[in-house]
Number of protein chains: 2
Amino acid sequence: MSVQERKERERADRERLIVATARELAEQQGWDAVTTRRLAERIEYSQPVLYSHFRGKREIIGAVALQGAAEMAVSLRAAASAADGPRARVTALARTYLDFAERNPAVYDAMFRLDGGLAFAVEDTPEPLKDAFAALLESLGEVAGDGVHPGLFTETFWAALHGLATLTRAGRLPPEDAERRTELLVDRLAAL
Amino acid sequence: MSVQERKERERADRERLIVATARELAEQQGWDAVTTRRLAERIEYSQPVLYSHFRGKREIIGAVALQGAAEMAVSLRAAASAADGPRARVTALARTYLDFAERNPAVYDAMFRLDGGLAFAVEDTPEPLKDAFAALLESLGEVAGDGVHPGLFTETFWAALHGLATLTRAGRLPPEDAERRTELLVDRLAAL
DNA sequence: TCGATTGTCTAGCACTGCTAGGATCTCCTC
DNA sequence: GAGGAGATCCTAGCAGTGCTAGACAATCGA
């Protein structure tokens with residue numbers, strides 16, 4: 001048994017190495033630079049090894065996305081619990097979300113812009129994704145306002161944040177006004 | 001002179017054909033299916049011909065984006081002028097924007113998701129893009145509210161719409177609540 | 001009608017994701 | 001310890017990508 005356990009552990013280690021390396025490479029040079037060859041070279045294995053862990057590149061992106069979702073959930077909850085009162089909480093949440101997107105652009109892309117083959121907004125959505133949404137909902141539900149479904153409000157607020165994050169990073173919005181746009185969004189959207 | 005003029009006309013025709021074909025192919029099968037080979041085959045020329053019109057695939061995407069921006073501006077203005085009063089105007093604007101994104105997903109991607117090599121939010125931004133933003137601003141400026149810069153408000157509102165458009169189409173948001181999210185956005189964000 | 005220019009195509013480069021098949025290495029059994 | 005079975009891994013190759021060099025043919029002006 002012990003031999004098999006060691007093998008399984010080593011396999012799991014290597015899988016983590018693949019995901020971490022893919023993420024690192026993507027953050028350094030963008031997802032286009034994450035080719036199976038380059039990734040294989042970095043982990044010091046041949047290409048086919050990647051396919052013994054993942055069905056293909058898409059699944060590797062998906063794995064990075066799940067990792068990112070888990071981290072984002074932690075960040076969001078930490079920011080929310082450190083803030084006093086609904087208003088401060090929503091502001092902190094928005095800032096933290098946008099900050100995460102800015103500091104981890106490749107991970108953010110894996111989560112929301114690229115196709116990682118993950119299910120969304122359905123029954124079999126992976127747990128980390130549901131949990132990241134739940135983290136948003138926990139703080140946003142209380143400012144949804146009367147007669148507005150908390151889930152629907154969270155979806156809308158999230159979409160707005162997502163729009164700000166992607167358009168800003170793509171150079172579609174002037175970066176210097178980012179903070180003012182965030183404030184406007186919080187002031188207007190949240191029922192305070 | 002006449003011969004040269006005819007040639008220039010034919011060249012311009014062929015360029016339009018390339019852009020129209022790329023757009024058609026992208027709408028039918030997605031941008032991934034728009035390969036230089038397939039595109040060349042459809043216009044019944046060899047690959048290198050494409051490169052005598054455009055620097056590369058990116059520029060073709062850019063050309064489709066500009067065409068789309070022009071059409072979107074027309075749609076937005078038509079919707080705005082057909083509505084009575086600020087509230088109806090903003091609602092019509094939001095619906096028209098999201099409708100455009102839903103009916104022309106490939107064009108929308110070319111405009112805002114893919115890299116078409118176009119400059120944004122700067123001096124030398126192509127005219128159609130500036131004009132599409134202007135069309136938004138014309139209707140949104142009046143509901144920015146006191147002390148809020150119309151441009152900043154338009155950017156924020158646009159980002160929210162963009163987030164709804166992309167997340168909905170990517171299956172990240174349940175499509176059946178799209179209309180309710182739009183209403184919520186308009187109700188809260190616009191100062192009416 | 002000739003020569004130059006313009007226009008177009010064939011063929012090929014270096015790269016991509018992915019996989020078949022063979023080699024090697026490890027482990028369990030005798 | 002030795003042999004065979006099985007897991008593990010790599011080499012080599014497929015079909016596809018964007019893009020381009022260089023040869024060829026059509027067209028134009030003199």
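Numbered from 1 within each chain, the chains take letters A, B, ... in sequence-line order. Bear in mind the structure is a predicted one, so any value in this text is a computation, not a measurement.
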Could you check how far [atom1] of [X] sits from [atom2] of [N], rounded to whole Å?
| X | N | atom1 | atom2 | result |
| --- | --- | --- | --- | --- |
| A:Y51 | C:dT19 | OH | P | 7 Å |
| B:H53 | C:dG7 | NE2 | P | 10 Å |
| B:K57 | C:dT16 | NZ | C1' | 12 Å |
| B:R38 | D:dC19 | CZ | C1' | 17 Å |
| B:E41 | C:dT10 | CD | C1' | 16 Å |
| A:R55 | C:dT19 | CZ | C1' | 15 Å |
| A:L50 | C:dC18 | CG | P | 10 Å |
| B:I43 | C:dG7 | CD1 | P | 15 Å |

### Message
So if I take residues 26-35 of chain B and measure heavy-atom distances to DNA chain D, which residues fall below 4.0 Å?
### Response
B:V34, B:T35

Less than 4.0 angstrom from a charged side-chain N to a carboxylate O is my criterion; do [X] and [Y] meet it?
| X | Y | value |
| --- | --- | --- |
| B:R23 | B:E71 | yes |
| A:D187 | A:R180 | no |
| B:R9 | B:D13 | no |

#### Entry: Nearest atoms (heavy-atom pairs only) where B:A40 meets B:S46
CB-C, 3.7 Å

### Query
Are A:S52 and A:R14 side-chain neighbours, meaning at least one heavy-atom pair lies under 4.5 Å?
yes

### Message
Counting neighbours of CD on B:Q28 that are heavy atoms of other residues, nucleotides or ligands and sit closer than 6.0 Å, is the number greater than 12?
### Response
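Check passes, neighbour count above 12.
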
### Query
Nucleotide by nucleotide, 5' to 3', does protein get under 4.0 Å of the base (B), only the sugar-phosphate (S), or neither (-) in nucleotides 6-15 of chain D, counting heavy atoms?
--SSBB-B--

### Task
With heavy atoms under 4.0 Å as the rule, sort A:R58 into base, sugar-phosphate or nothing.
nothing

### Message
Hydrophobic cluster membership, with links at side-chain heavy-atom distances under 4.5 Å among I/L/V/M/F/W/Y: are A:V74 and A:W158 in one?
### Response
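No; tracing contacts between hydrophobic side chains, which count when under 4.5 Å, never links both residues.
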
### Query
Only one of B:F133, B:Y108, B:F157 clears ring pair (Phe, Tyr, Trp, His ring centres under 6.0 Å) with B:H162; which?
B:Y108

### Query
Does B:T36 put a side-chain nitrogen or oxygen below 4.0 Å from OP1 or OP2 of D:dC19?
no

### Query
Can a cation-pi geometry be assigned to B:R172 and A:F112, taking NZ or CZ under 6.0 Å from the six-membered ring centre and within 45° of the ring axis?
no

